[in-house]
Amino acid sequence: MDNKILEIKNLTVEYYRNRKVITAVNNISFNVNENETLSIVGESGCGKSTVALSILNLINSNEGRITTGEIIYNKKYDILKMNKNQLQQLRGNEITIIFQDPFSSLNPVLTVGTQLIEILQSHYPELNFSDMKEKVINLLSHVQINDPERIFNSYPHQLSGGQRQRICIAAGIITNPRILIADEPTTALDVTTAKDIIELLSSLQNKLKLSIIFITHNLYIAFKHSHRIIVMYAGEFVEEGATDDISKEPKHPYTQMLLKVLPTLDKKGKKLNFIPGQVPDMLSLPKGCRFHPRCDKVMDICTKNIPTTYEYIRNGIKNKVKCFLYE
Amino acid sequence: MNSMVPIVCLNNITKYFSIESKLLRRQISKIKVLDNISFNINSGETVGLVGESGSGKTTIAKIIVRLIKPDSGSVIIDGKPENEYNRKELALKIQMIFQDPFASLNPRLSIKSILGEAIRIQKSKENNKHISVTDEEIENLLVTVGLPKNILNNYPHQFSGGQRQRIAIARALAFKPKLIIADEPLSSLDVSIQAQILNLFLDLKNEFGLSYLFISHDLLLVSYFSDRVIVLKDGKIIEQNDGINIIKYPQNIYTKKLVDSLESI
Amino acid sequence: MIKIYINRFFHNRLAIFSSICILILIFIAIFSNIISPYEPNRQNLVQRLLPPTKQFIMGTDDLGRDVFSRIIYGSRVSLTVGAVAVGISMFIGIILGLVSGYYGGIIDSIIMRLVDIMLCFPTFFLILMVIAFLEPNIYNVMIVIGLTSWPGITRLIRGEVLSIRERDYIQLAKISGISDLRIMFVHILPNVIGPIVVNTTLGIGSAILAESALSFLGLGVQPPTPSWGNILTTGKDYIHIAWWLSVFPGIMIFFTVLCFNLLGEGLRDIFDPRTSG
């Protein structure tokens with residue numbers, strides 16, 4: 001089953017903060033297959049957005065840098081070694097990204113149509129205007145926008161949050177990319193709109209045989225439409241596996257606790273399970289496993305050594321967990 | 001105080017927001033943000049208010065604390081019309097907690113100043129003489145919300161989101177209010193912290209007999225925590241029910257849609 | 001909070017350098033009588049218009065007075081005018097800006113229209129107009145400069161207040177029954193410190209320039225009291241034969257204003273919330 005479209009190996013990213021250096025992402029490795037949705041789940045500061053930016057080598061050199069790692073695209077090219085031209089060919093074309101806030105992702109002084117056509121122009125300069133316009137309008141109806149002709153001529157501020165995010169998705173798929181990275185695309189949206197957007201992404205993934213890397217802090221959203229899930233905590237990889245496995249039998253204590261803390265109706269009137277403490281300050285990380293101060297299954301070795309990663313195969317899919325419990 | 005009298009009575013509240021021309025302030029158009037809203041919050045009760053963005057739920061909260069005035073309708077607090085209270089009297093009845101813990105605390109004031117000021121106002125209702133607040137009183141307040149005692153001289157930016165929210169809650173409690181309005185108090189917090197804060201709300205409710213108006217877009221959260229849930233859409237109340245039945249037997253189409261969007265039940 | 005700023009300050013070379021220069025200037029102003037080699041008003045008509053020598057480092061003027069000593073004493077005038085004028089304009093500007101931004105409505109409209117009207121006049125001409133009606137001396141200069149510079153500050157502070165006013169912690173202050181006065185001065189004002197400090201330093205620079213210009217025109221500090229501006233007045237008449245009368249005071253004005261401007265720039269970086277660290 002070797003259809004890996006993206007292989008990330010030993011990625012480490014440092015950020016500069018307060019004149020000190022923090023390791024925002026520490027030695028992460030994972031693969032993305034063709035035609036699958038992979039979710040990266042974690043709370044604030046876990047490094048998931050950093051991973052997303054690293055894939056396209058978008059880390060601002062004033063803010064941080066990628067210290068080690070390889071990101072192999074299509075089994076051939078290391079993205080981190082690409083030159084400017086190659087990156088330009090890659091970004092927004094073969095690998096696209098959409099962000100959390102659709103409003104600031106769109107230019108307020110240009111119409112939606114202009115912005116989408118601009119993308120087409122930069123990657124397909126040979127097309128003429130009416131062809132491009134037709135393509136764009138077609139695309140708008142694919143992302144479930146009603147009345148695409150009118151929206152084509154509208155400005156972002158005239159649209160609702162859901163519509164804007166659909167425009168951003170349209171911008172993300174207009175060049176028929178192999179990979180779409182979606183960084184918390186539904187966090188800024190209403191609950192009912194969020195549901196529609198997630199379903200839209202899912203159906204697009206199926207139709208276009210796209211790979212989607214979906215970044216979220218919400219485990220349940222990840223469960224809904226992903227094939228596989230990666231859980232991150234404080235810059236490190238914690239668990240990876242098929243969605244079914246993670247949702248039914250999570251192995252890492254952090255994942256297990258995350259599933260237990262949500263309020264449900266049957267817990268009404270009773271107190272909730274909770275994870276004590278808080279996400280560690282990246283400037284003063286605990287020794288050993290970064291989660292151990294909050295872990296209910298902590299052992300002595302966890303306070304001293306960094307846990308090793310254990311792999312196990314289930315239904316042909318390789319799952320991993322980084323925890324001493326599975327030694 | 002008579003516990004049969006509702007803490008808050010909203011009667012036929014309607015509110016418009018108008019768009020004005022800049023130069024002469026003439027009104028160009030009006031948007032009806034709230035349409036004939038009426039509901040009560042009783043003593044010791046937790047009422048949940050659910051709605052999506054633009055539904056008007058924050059506007060209701062701001063009308064109750066008199067940050068905004070309604071265009072028609074009345075607000076009765078503890079049996080008396082709202083405009084008969086002065087600002088301080090109102091502060092001692094109702095307090096509010098906002099969504100963003102990073103914006104709720106004045107970055108230039110120390111924890112001692114923030115909490116001390118609140119306690120001072122609460123104590124000054126007895127007499128108008130110069131009131132002093134001891135460090136011990138502030139420390140006791142911190143313990144109530146699960147924070148360490150030694151943070152009096154720290155500033156808000158030195159704390160995490162969850163800790164700041166606790167400080168905001170401490171501040172609200174300092175006034176010994178009867179009602180706390182919590183407007184999306186958990187949305188900006190990490191999932192692993194949300195449960196901690198919810199548990200704190202529950203503890204405080206039991207310890208101090210507080211009433212809550214719990215506002216959120218998350219129907220499940222609201223149903224878990226509230227005795228009664230009100231669903232708001234486009235400024236109108238479209239359904240009201242108790243916490244369990246609103247999810248099990250939703251009547252209105254919109255409520256059903258909200259229930260469908262829930263991730264897990 | 002203050003610790004962060006102090007920390008940043010000591011890492012900001014611009015701020016440190018300009019602060020040191022300004023401290024030196026203040027030192028010179030305070031201890032003028034000790035540093036200065038001669039009495040600034042000591043005339044010696046035999047020693048008129050001497051070029052810079054070992055005896056008179058910056059030469060002498062048309063009445064035989066030592067230019068170097070006059071420049072040292074002149075620093076008193078400049079720094080005093082700078083401080084007081086800015087103090088006046090800040091005082092008025094902060095109060096009006098706070099009130100205008102916080103209350104809005106008709107109070108805001110009135111104050112802003114007043115600001116607009118005053119900003120229609122080029123500041124310096126406004127100053128000239130007013131001074132022309134008054135007796136030219138250092139006190140009037142300070143007051144007039146102060147009274148004509150507040151509109152810019154008012155607008156700036158008002159802008160800051162408008163954005164801070166809507167923040168949750170201010171809404172909470174209102175809900176807490178805190179009086180408007182206390183909200184403005186205890187809750188809002190400390191959050192506007194950044195622009196206030198920056199504009200104070202930049203304002204001192206402009207006030208010094210304005211005073212120098214007025215004194216140069218004979219409408220400011222009157223001789224025999226030395227001011228860098230009025231040394232220049234003599235300088236212009238003798239510019240062909242006594243370059244030192246124009247160059248040295250010119251350099252002092254330039255250098256002093258530059259220091260204050262650089263300090264303002266440095267402070268701006270320090271107070272900018274987007275600067276990491």
Side-chain angles (χ1 to χ4, degrees), chain A residues 41-46 160-162 186-199 216-225 231 233-234 247 253-282 291 294-295, chain B residues 46 50-55 146 158-166 186-203 205-206 216-227 233 242-248 253-265:
Chain A
V41 182
E43 295 176 292
S44 57
C46 72
S160 72
T186 56
T187 310
L189 301 173
D190 282 333
V191 147
T192 45
T193 319
K195 179 166 177 276
D196 293 338
I197 295 287
I198 296 175
E199 285 176 355
T216 176
H217 62 270
N218 188 325
L219 256 184
Y220 287 100
I221 291 187
F223 287 165
K224 274 224 141 140
H225 294 284
V231 181
Y233 181 81
S247 58
Y254 174 60
T255 322
Q256 292 168 345
M257 287 170 114
L258 272 185
L259 285 175
K260 284 196 221 142
V261 298
L262 269 77
T264 53
L265 273 187
D266 51 326
K267 293 185 196 158
K268 193 169 170 66
K270 289 179 257 178
K271 284 172 74 162
L272 297 169
N273 296 320
F274 64 99
I275 308 182
Q278 57 227 5
V279 177
D281 179 1
M282 293 304 271
F291 183 64
R294 308 172 75 188
C295 185
Chain B
T46 300
V50 177
E52 305 198 302
S53 52
S55 57
Q158 294 170 293
F159 297 98
S160 68
Q163 289 170 317
R164 281 186 226 199
Q165 203 64 307
R166 286 179 198 264
L186 307 180
S187 313
S188 298
L189 301 176
D190 278 330
V191 167
S192 59
I193 306 290
Q194 289 182 10
Q196 292 181 19
I197 303 292
L198 263 184
N199 285 347
L200 176 61
F201 277 139
L202 209 52
D203 283 338
K205 174 178 176 167
N206 293 332
S216 175
H217 62 272
D218 187 338
L219 182 56
L220 186 56
L221 189 59
V222 174
S223 311
Y224 158 77
F225 191 66
S226 318
D227 302 316
K233 182 176 181 350
D242 70 79
I244 297 187
N245 288 321
I246 194 101
I247 292 198
K248 285 207 171 149
I253 302 180
Y254 177 68
T255 318
K256 289 191 183 141
K257 208 169 152 205
L258 281 181
V259 172
D260 280 338
S261 319
L262 291 176
E263 274 87 40
S264 80
I265 293 188

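Chain letters run A, B, ... following the sequence lines, proteins first, then strands; residues in each count from 1. These numbers were taken from a predicted model, which means no experiment stands behind them.
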Give me the atom names and distance for the closest heavy-atom approach of [X] to [Y].
X: A/Q278; Y: B/S160; value: OE1-OG, 3.5 Å
X: A/V191; Y: B/H217; value: CG2-CD2, 3.7 Å
X: B/V191; Y: A/L258; value: CG1-CD2, 4.0 Å

- Heavy-atom proximity to chain B below 4.5 Å, by part of A/D281: neither
- Counting heavy-atom pairs under 4.5 Å with chain A, the top scorer among B/Q194, B/Q163, B/Q196 is B/Q196
Backbone N or O of [Y] within a donor-acceptor pair of the [X] side chain at under 3.5 Å?
X: B/D190; Y: A/E43; answer: no
X: A/D190; Y: B/E52; answer: no
X: A/K268; Y: B/S226; answer: yes

- Message: Counting heavy-atom pairs closer than 4.5 Å to chain B, which one of A/K271, A/K195, A/K270, A/K267 comes out on top?
- Response: A/K271
Find the distance between [atom1] ([X]) and [atom2] ([Y]) and round it off to the nearest 0.5 Å.
X: B/S192; Y: A/R294; atom1: OG; atom2: CZ; result: 4.0 Å
X: A/L272; Y: B/Y224; atom1: CG; atom2: OH; result: 3.5 Å
X: B/N199; Y: A/N273; atom1: CG; atom2: CG; result: 8.5 Å

- Give, as side chain, backbone, both or neither, the part of B/I244 having an atom under 4.5 angstrom from any heavy atom of chain A. both
- Given side chain to side chain contact (heavy atoms under 4.5 Å, CB included), test B/L198 with A/F274 step by step and report yes or no. CA-CA 10 Å; B/L198 263 184; A/F274 64 99; over 6 Å; no
- Residues that B/D218 engages under side-chain contact (heavy atoms from CB on, under 4.5 Å), provided they are two or more places apart: B/S216, B/L220, B/L221, B/L262
